[in-house]
Amino acid sequence: MNATLDLLRTRRSVPPMRLDGPGPTPAELDTLLTLAARVPDHGKLAPWRFLVIAGEARARVGGIIAGAYAADHPEADDARLDLERARLAHAPVVVAVVSRAGPHIKIPEWEQVLSAGAVCMNLVVAANAAGYATSWLTEWFAYDRRILDALGLTPNEKVAGFIHMGHPQEVPGDRPRPDLAHIVTRI
């Protein structure tokens, strides 16, 4: 098999708490984002954009996440608020892929949403090919309007995924994968 197929066959998600630095340099990240953007995009709409969360921004956004959680859960103890505060602090770089799909005269909104998902997967594959480990997550705060507003998302934008990137402390074992007999229908 060639290296690309081998990468796809062996790629694993590494939980953010098991990712260390260093993360991609700004130049490497620009390359990864350029590769991520090479997806099917009917109408050339670019119905997605990137929000890079690195360095001090991880703690700043974590404070916003913890504040929203505390407002909704006044019973939350310090340990839980610390967990919420650290959501984006484990990996050295987190990229939010923001979907800005919307009504269009020719391009169905569903195709635009799928394009944003393809961007997430391209970013995961590109980062893994570059020697980094990744985890594609959303979590509760990806759906919380207070957090989205704080991140500068417009009312019609949504987070397709937070892509956490770094170096793995350890490579996890593989998880069970679907049996083709259960997911393939040949007609």
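Please read all numbers here as calculations on a predicted model, not as lab measurements. Only heavy atoms go into these numbers, but all of them, side chains included; no hydrogens, no water, no symmetry mates.
- The aromatic rings of H73 and Y69 sit parallel, their planes meeting at an angle under 30°, below the 60° perpendicular limit.
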*asked:* For a side-chain contact (heavy atoms from CB on, under 4.5 Å) check, start with the C-alpha distance between V171 and V14, then their side-chain angles and the critical distance, and finish with the verdict.
replied: CA-CA 7 Å; V171 177; V14 177; 5.7 Å; no

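- N128 and A133 get closest at one heavy-atom pair: OD1-CA, 4.1 Å.
- R58 places a side-chain N or O within donor-acceptor distance of the main-chain N or O of A91, the cut-off being under 3.5 Å.
- In the displayed structure, R85 atom CZ is contacted under 6.0 Å by more than 12 heavy atoms of other residues, nucleotides or ligands.
- With hydrogens and angles ignored, the 3.5 Å screen pairs no side-chain donor or acceptor of T134 with any backbone N or O of M165.
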*Decide yes or no on side-chain hydrogen bond (donor to acceptor under 3.5 Å, both in side chains) for E157 and W48, but give the supporting numbers first.*
CA-CA 9 Å; E157 293 181 319; W48 28 257; over 6 Å; no

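- Atom CG of D174 has more than 12 neighbouring heavy atoms from other residues, nucleotides or ligands inside a 6.0 Å radius.
- Ion pairing between D72 and R146 holds under the 4.0 Å rule for side-chain N and carboxylate O.
- Side-chain atoms of H164 and V94, non-hydrogen and from C-beta on, do get closer than 4.5 Å to each other.
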*Does the pair L29 and V52 meet the rule for a side-chain contact (heavy atoms from CB on, under 4.5 Å), with working shown?*
CA-CA 9 Å; L29 188 56; V52 177; 3.6 Å; yes

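- Proximity of V119 to F50: side-chain heavy atoms (C-beta onward) are separated by under 4.5 Å at one or more points.
- The nearest pair of heavy atoms linking S115 to V39 is OG-CG2, 3.5 Å.
- Residues F141 and L88 meet the side-chain proximity criterion, which asks for heavy atoms closer than 4.5 Å.
- Within 6.0 Å of CZ in R11 there are more than 12 heavy atoms belonging to other residues, nucleotides or ligands.
- T34 places a side-chain N or O within donor-acceptor distance of the main-chain N or O of D30, the cut-off being under 3.5 Å.
- Note on I163 and M121: same hydrophobic cluster, where clusters join Ile, Leu, Val, Met, Phe, Trp and Tyr whose side-chain heavy atoms are under 4.5 Å apart, directly or indirectly.
- In terms of heavy-atom proximity, V97 sits nearest to C120 at CB-SG, 3.6 Å.
- Across all non-hydrogen atoms, the minimal contact from I183 to P178 is CD1-CB, 3.8 Å.
- Looking at R100, its side chain never comes within 3.5 Å of a backbone N or O of P47 through a donor-acceptor pair.
- In this structure, W136 and G117 approach most closely via the heavy-atom pair CH2-O, 3.6 Å.
- Put simply, V61 and F162 are part of the same group of oily side chains (I, L, V, M, F, W, Y) that touch within less than 4.5 Å, one to the next.
- At least one side-chain heavy atom of R186 sits less than 4.5 Å from a side-chain heavy atom of V184.
- Residues V125 and V95 fall within the same hydrophobic cluster, defined by Ile, Leu, Val, Met, Phe, Trp and Tyr side chains chained together at heavy-atom separations under 4.5 Å.
- Between E84 and R80 there is a salt bridge, since at least one side-chain N of the basic residue sits less than 4.0 Å from a carboxylate O of the acidic one.
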*Step by step, would you call L153 with R145 a side-chain contact (heavy atoms from CB on, under 4.5 Å)?*
CA-CA 9 Å; L153 275 67; R145 194 70 243 172; 3.9 Å; yes

_Walk me through whether L45 and H104 qualify under side-chain contact (heavy atoms from CB on, under 4.5 Å)._
CA-CA 10 Å; L45 300 177; H104 188 276; 3.6 Å; yes

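- In this structure, CG in D82 is found 8.5 Å from CG in D77, a value given to the nearest 0.5 Å.
- The backbone N or O of N2 sits nowhere less than 3.5 Å from a side-chain atom of D6 that would complete a donor-acceptor pair.
- Shown here for P22 and P92, the closest heavy-atom pair between the two residues is C-CG, 3.9 Å.
- Between the side chain of Q112 and the backbone N or O of I107, at least one donor-acceptor pair lies under 3.5 Å.
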